[in-house]
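One structure below.
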Amino acid sequence: MSIGEKWQKKWKESKIFEANVDSREKFYTTVAFPYPNSPFHLGHGRTYVTADIYARYMRMKGYNVLFPMGFHYTGTPIITMADDVAKGEKEVIDIFKNIYEIPDQVIPKLSDPLFMANYFKDDIKKAMDEMGLSIDWRREFTTIDPEFSSFIVWQFNTLQKRGFVVKDTHPVGWCPVHHLPVGMHDTKGDMEPDIGEYTLIFFESKSGYLPAATLRPETIFGVVAIWVNPKEKYVIAEVKGRKVILSERSAFKLTFQIDNIKVLEKISGSELTKITAINPVTGDTIPILGADFVDVNTATGIVMSVPAHAPFDYFYLKKVSSSIRPIAVVQVDGYNEFPAVELVEKSNPKNDTDLKKLTEQLYRIEYNKGRMRKDAIERSKEEFRSELGSVIGISVPEARKSITDFLISHGLGDKIYEIMNKPVYCRCGNEVVVKILKDQWFLDYGNPEWKALVRKLVSKMRLVPDEVRKDFEYSIEWLQKRACARTRGLGTPLPWDKKWIIESLSDSTIYMAYYTIAHKIKAYKLRASQMTFDFWDYVLLGKGDINDISKLTGISIDVLQQLRSEFMYWYPLDMRHSGSDLIPNHLSFFIFNHAAIFPEDLWPRGIAVNGLVLYEGKKMSKSLRNIIPLRKTIRIYGPDVIRITLSSLSDMGSEANFTDAAAKSVMDSLKRFYEIASSISSFNGNELGFAEKWLMSRLNSSIKQSISLMDNMRFRDANNLILFGLLSDVNEYMEMVKAEGRDPNGSILRDFVIAWTRLLAPFAPHIAEEVWNALGNSGFVSVSRWPNYDESNIDLKLELEHEYHKEIIDDIRSILNVYKGNPKIATIYVANTSEHTLLMDALKTTAGGGTLKTFMSSHRPKNKEEAKELQDIFEYATEMSDSKKKLLLLGVDEEVLLKEGLPLIKYKTGLDIEVQKYSDEIMRKYKKESFPLRPSIVLS
RNA sequence: GCGGGGAUGCCCGAGCUAGGUCAAAGGGGGCGGACUGAGGCUCCGCUGGUGUAGACCUGCGUGGGUUCAAGUCCCACUCCCCGCACCA
């Protein structure tokens, strides 16, 4: 059995992570629960480990820590994926089989969604245990447990009562064949259908209205023709009581958006080109022209031609007719009155791809810099002129909005939805269309009262790292109505309209409250039917009369009280951990729903967000086939290595790059820690010299620093300090002792290792327990206290002195570097008191904002040499490091200091060292100056 | 387009919210050495260029600017990554 398994088992047996209400201060933390549609990969581990490190740290700080876990079954991906398995979809099966190494006999069973969810839940749970997460598993649940459903029903009833649920229509991507909404998971190539709006403008003709579809309705004044595709089929249909002409395909697609479309007759595109149309805004009569580039599958298949501002239009119009003149609508600085003409003539596009690029370019320029021309607006019909006058001179985006409103309000236009990134195909092979869902239920995140509460909540919240605050503020302002129910998937039916299932991002917003009593619900075997609206109102909001509720539900008063006090002990949630990708949705919804349901004193206090995980510098993806199962890496490296590599090698807010090299180096460091810990009994020294004092100082100052780093979740810095930093300190200590030719001090090292083990425990709990136990400590390091530091052991001066010694060594080495020959002795000339006085004076001058001039004038050099010396010392003073200044201010006898470091300097340089006082003679002989803490060194 | 975040030495990556201690932390890789039966363990040294003395030169996306002094501040530009809704 590995060290990992050994301690995981012991933790479980001793129940140390099962948190119960007691008199201690509590700390309640959660992580977004997993969605079990596949096993965990490396990327999943990061958030959980990060939360666990903090949970373990807080536990060691003496808090009563609750870290529960549940599983999210709600939604469609599990169903879709099970379907894929059932259909024998190659890619999915290949991933399960070859990446996650799921046994052959299991794979067919995964075609049952519930089997899949349970199977992966178990696998994920194992992964969590194998990572050493300090979870209280008694509170585990899934979101389709009837007990949990009763909680969600209560949540939605409450939201409904408070007026935060509204009914509205909503466009979705839709498969016209199996009549279901399609999201990213349901499309070929996982394409998210991007739904956009086209404006329709009704041009009159003798055969009916031509609804030209455009993204730029403001260019209506510059329309010189209508394009249709002469090779395609069109129909005349009755739409909203109006006779319109549109492509056959369009008529079909629009049935999903508009009721009662009646196709009256068919007409070919070429036939259409024989008639003319009338611009409803200007009254101009314009030709209908044929063009192959018109795609009848996009919008209505009727396109208006604006050659002044659309490169396509100008390019093709030029080919068909030379008599039509462009009409300018938008003025842009740096272009002539017909920007599209100018662009096409200048860059001479060869094909549609070139034209597309020009279109995008012009579109952007006009959108950002364009202004509406007066002459264009004045082309409108007399009756509209005064109303449209307001758009003269305004920007394109503004004009677009008001002209669209104008068109619709005058019955001259309409809006339709279209898939903008078309074609998008459903997995069944049919092209996705836009469907308007009627009677859809929404959570009204746009509600101003609600938003105001949320703003308040966020402003009081602790966010780690704080940079994500902007993201939250942005996303909260941006959120509007959000559909909260779906037609299919696992989950809880909407209580007042049971054909809808509450969708997954809506039933996962306040479930942290459920954990606080989940174990009691199980222990008392409460049934969902007992957990009524009144029950939840009492337990979570303290509403209602406990006697009545007890009678109504058949739950004893004692149990009800217990549940209420459990909840009130743990709530509010202190910290929520999640990936940064969930900021605009889940985490924001979490905030919104808490604000809506709970009183202010129960609002969550903090969110910690981490970036994603890369593997060897690349994003993990199916297509790259570089998905690394988490459990596999734990088998290879052990849990402690994985924990540190995922969570503590990069800053929390930035992405973490998992590389095998990094994991290996963490593994080596942990091994080294273990070796040192196991060998301390063999060290027999007992001297308490400079080296020991230095080591103790390093330890104590590291402990001191660790506290603020851990408090702020700066795990990268903390780990650098604790794992890598203390390791190199021990090495340094060993060298120092070796230089003095003596044995390391065993008892000092023992104290050091004991503290070190505690510091390491949140990061590498398994190896920490092992060492803790081997050193003869009772109990678990996991529930021991974070080490205290003794301020009196922190000797800044001593540490600075050691720095000084190392600098002397570096200096000698850099001279050796360029020295030709074999020197035996380094003579170090230490500055004398007069230089010391001068330097102090120079420092005083610079500190007071004085310059070289001030300094000179107060010293009045007698000759050139003296002036040079003064100047040098002043320059030295200005560029002196802070640590040297400190050392100088602490007051040192440099000669004594040097002698203290002699063994180390000799050992490291391999030279004999002589220390002498500096004199002018040295200056004459070697042309070298000595400054305090910067002695001159002469090799010979 | 909107919003957020980046661009640092062979590679990865700190530092840039308080400008000087920055040729620039820490890794990795490479080179050399110690230990060893051996080492893929560990430890030590070197790893921009030049240099017979701890120095100098070049340098932190590009171009300007502020300053005695800029990787760090200001302006402009180029490029890259992430999110943008009913999907967990």
Side-chain angles (χ1 to χ4, degrees), chain A residues 32 34-35 37 72 74-78 80 170-173 181-187 190 192-195 363-364 367-368 397 437 440 442-443 445 466-468 470-471 473-475 477-486 489 503-506 508 580-586 588 611-612 616-617 619 649-651 653-655 657 659-662 664-666 668-669 671-672 675-676 716-717 720 724-725 728 731 734-735 738 807-808 810-821 823 851-852 878-885 907-908 926-928 934-939:
Chain A
Y35 186 80
N37 69 338
H72 202 193
T74 311
T76 49
I78 288 176
T80 311
H170 180 62
V172 293
V182 285
M184 195 167 72
H185 303 282
D186 313 309
T187 60
D190 282 348
E192 175 77 45
D194 177 15
I195 297 169
Y363 187 97
R364 189 177 314 159
Y367 187 84
N368 292 318
L437 288 182
Q440 169 73 284
F442 292 83
L443 287 175
Y445 293 133
D466 198 57
E467 289 86 75
V468 301
K470 280 182 231 143
D471 296 290
E473 284 165 353
Y474 179 81
S475 109
E477 294 311 319
W478 167 82
L479 276 167
Q480 295 300 326
K481 274 183 248 163
R482 182 177 201 283
C484 61
R486 297 212 57 176
E503 65 84 47
S504 57
L505 285 173
S506 302
S508 58
S580 53
D581 52 328
L582 297 185
I583 293 173
N585 41 62
H586 165 257
S588 291
L612 78 160
E616 299 290 350
K619 203 167 164 177
L649 256 31
S650 56
D651 285 321
S654 40
E655 42 194 32
N657 184 12
T659 64
D660 286 305
K664 212 180 137 291
S665 110
V666 170
D668 290 341
S669 297
K671 255 190 209 158
R672 185 76 191 122
E675 276 166 25
I676 291 166
R716 190 180 67 85
D717 294 322
N720 278 344
F724 302 126
S728 73
N731 283 337
M734 296 295 189
E735 288 262 304
K738 204 169 169 192
E807 212 172 301
I808 297 292
D810 276 350
D811 278 345
I812 294 175
R813 273 184 181 152
S814 54
I815 301 171
L816 276 171
N817 222 7
V818 289
Y819 189 90
K820 297 282 159 76
T851 60
L852 181 60
T878 56
E879 62 196 30
M880 228 176 149
S881 67
D882 278 352
S883 56
K884 271 197 177 173
K885 280 182 196 165
Y907 175 76
K908 290 272 191 179
Y926 301 106
K927 299 264 184 298
K928 284 190 174 205
R934 182 86 169 81
S936 32
I937 299 167
V938 175
L939 302 193

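Throughout, protein chains are lettered first and strands after them, A, B, ... in sequence-line order, and every chain is numbered starting at 1.
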Checklist outcome for this item: In B/S/- notation (B base, S sugar-phosphate only, - none; protein heavy atoms under 4.0 Å), nucleotides 16-30 of chain B written 5' to 3' is -----B---------
Measure the [atom1]-[atom2] distance between [X] and [Y] for me, rounded to the nearest 0.5 Å.
| X | Y | atom1 | atom2 | result |
| --- | --- | --- | --- | --- |
| A:T80 | A:N37 | OG1 | CG | 9.0 Å |
| A:D471 | A:I583 | CG | CD1 | 4.5 Å |
| A:S728 | A:M734 | OG | CE | 12.5 Å |
| A:K908 | A:K738 | NZ | NZ | 9.5 Å |
| A:E655 | A:K619 | CD | NZ | 9.0 Å |

Next on the checklist: One thing to verify: whether A:K664 and A:D668 come together as a salt bridge, which I'm taking to mean a side-chain N less than 4.0 angstrom from a carboxylate O.
Outcome noted: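 Looking at A:K664 together with A:D668, the answer is yes, because their closest N to O distance falls below 4.0 Å.
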Identify whether any heavy atom of [X] sits under 4.0 Å from a base atom; if not, whether one sits that close to sugar-phosphate; answer base, sugar-phosphate or nothing.
| X | value |
| --- | --- |
| A:V468 | nothing |
| A:H72 | sugar-phosphate |
| A:K884 | nothing |
| A:P935 | base |
| A:E655 | nothing |
| A:R934 | base |

Considering only side-chain heavy atoms of [X], which listed nucleotide, [options], is closest?
| X | options | result |
| --- | --- | --- |
| A:S504 | B:rA85, B:rC44, B:rA88 | B:rA88 |
| A:D651 | B:rA53, B:rA14, B:rG83 | B:rA14 |
| A:S654 | B:rC87, B:rC44, B:rA14 | B:rA14 |
| A:W478 | B:rC84, B:rG54, B:rG45 | B:rC84 |
| A:D668 | B:rG54, B:rU42, B:rC12 | B:rU42 |
| A:R672 | B:rG45, B:rC43, B:rG54 | B:rC43 |
| A:R486 | B:rC44, B:rA55, B:rC86 | B:rC86 |
| A:S814 | B:rG83, B:rG54, B:rG51 | B:rG54 |
| A:R482 | B:rA14, B:rA53, B:rC86 | B:rC86 |
| A:Y35 | B:rC87, B:rA88, B:rG54 | B:rA88 |

Checklist entry - Just to confirm, is there a sub-4.0 Å distance from OP1 or OP2 of B:rC43 to any side-chain nitrogen or oxygen of A:N731? => result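 Affirmative; the distance criterion is met.
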Checklist entry - Is A:S580 near enough to B:rC82 that one of its side-chain N or O atoms lies under 4.0 angstrom from OP1 or OP2? => result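 Answer no for this pair, as no side-chain N or O of A:S580 is under 4.0 Å from OP1 or OP2.
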Checklist outcome for this item: In RNA chain B, consecutive runs of at least three Watson-Crick or G-U pairs below 3.5 Å, as range with range, amount to B:1-7 with B:78-84, B:10-12 with B:26-28, B:29-34 with B:42-47, B:48-50 with B:55-57, B:61-65 with B:73-77
Under the salt bridge (charged side-chain N to carboxylate O under 4.0 Å, His left out) rule, collect the residues that match up with [X], sequence neighbours excluded.
| X | value |
| --- | --- |
| A:E467 | none |
| A:K885 | none |
| A:D651 | A:R716 |

Polar atoms only, N or O, under 3.5 Å: list the protein pairs with nucleotides 3-7 of chain B and their distances.
residue, atom, partner, partner atom, Å
B:rG3, O4', A:Y474, OH, 3.4
B:rG4, O2', A:D471, OD1, 3.4
B:rG5, OP1, A:K470, NZ, 2.9

Between [atom2] on [N] and [atom1] on [X], what's the gap in Å once rounded to a whole number?
| X | N | atom1 | atom2 | value |
| --- | --- | --- | --- | --- |
| A:N585 | B:rA88 | CG | C1' | 8 Å |
| A:D811 | B:rG54 | CG | C1' | 5 Å |
| A:Q440 | B:rC86 | CD | C1' | 8 Å |
| A:K738 | B:rU42 | NZ | C1' | 11 Å |
| A:I583 | B:rC82 | CD1 | C1' | 11 Å |
| A:N37 | B:rA88 | CG | P | 10 Å |

Item to check | Note, A:P935 side chain near A:D811 side chain (heavy atom, < 4.5 Å) | outcome: no
Rounded to whole angstrom, note down the [atom1] distance from [N] over to [M].
| N | M | atom1 | value |
| --- | --- | --- | --- |
| B:rG71 | B:rG9 | P | 14 Å |
| B:rC57 | B:rG6 | P | 33 Å |
| B:rC60 | B:rC68 | P | 22 Å |
| B:rG26 | B:rC79 | P | 36 Å |
| B:rG51 | B:rC43 | C1' | 31 Å |

Checklist entry - Closer to the 5' end of RNA chain B via nearest nucleotide, is it A:D810 or A:S650? => result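 Nearer the 5' end of the strand: A:S650.
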Item to check | Nearest-nucleotide comparison on RNA chain B, the residue closer to the 5′ end among A:E735 and A:L612 | outcome: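 Residue closer to the 5' terminus by nearest nucleotide: A:E735.
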Next on the checklist: Could you go through A:R486 and A:S504, starting from their C-alpha distance and side-chain angles, then the distance that decides it, and tell me whether this counts as side chain to side chain contact (heavy atoms under 4.5 Å, CB included)?
Outcome noted: CA-CA 9 Å; A:R486 297 212 57 176; A:S504 57; over 6 Å; no
Item to check | Heavy-atom pair of closest approach, residues A:V172 and A:I195 | outcome: C-CD1, 3.5 Å
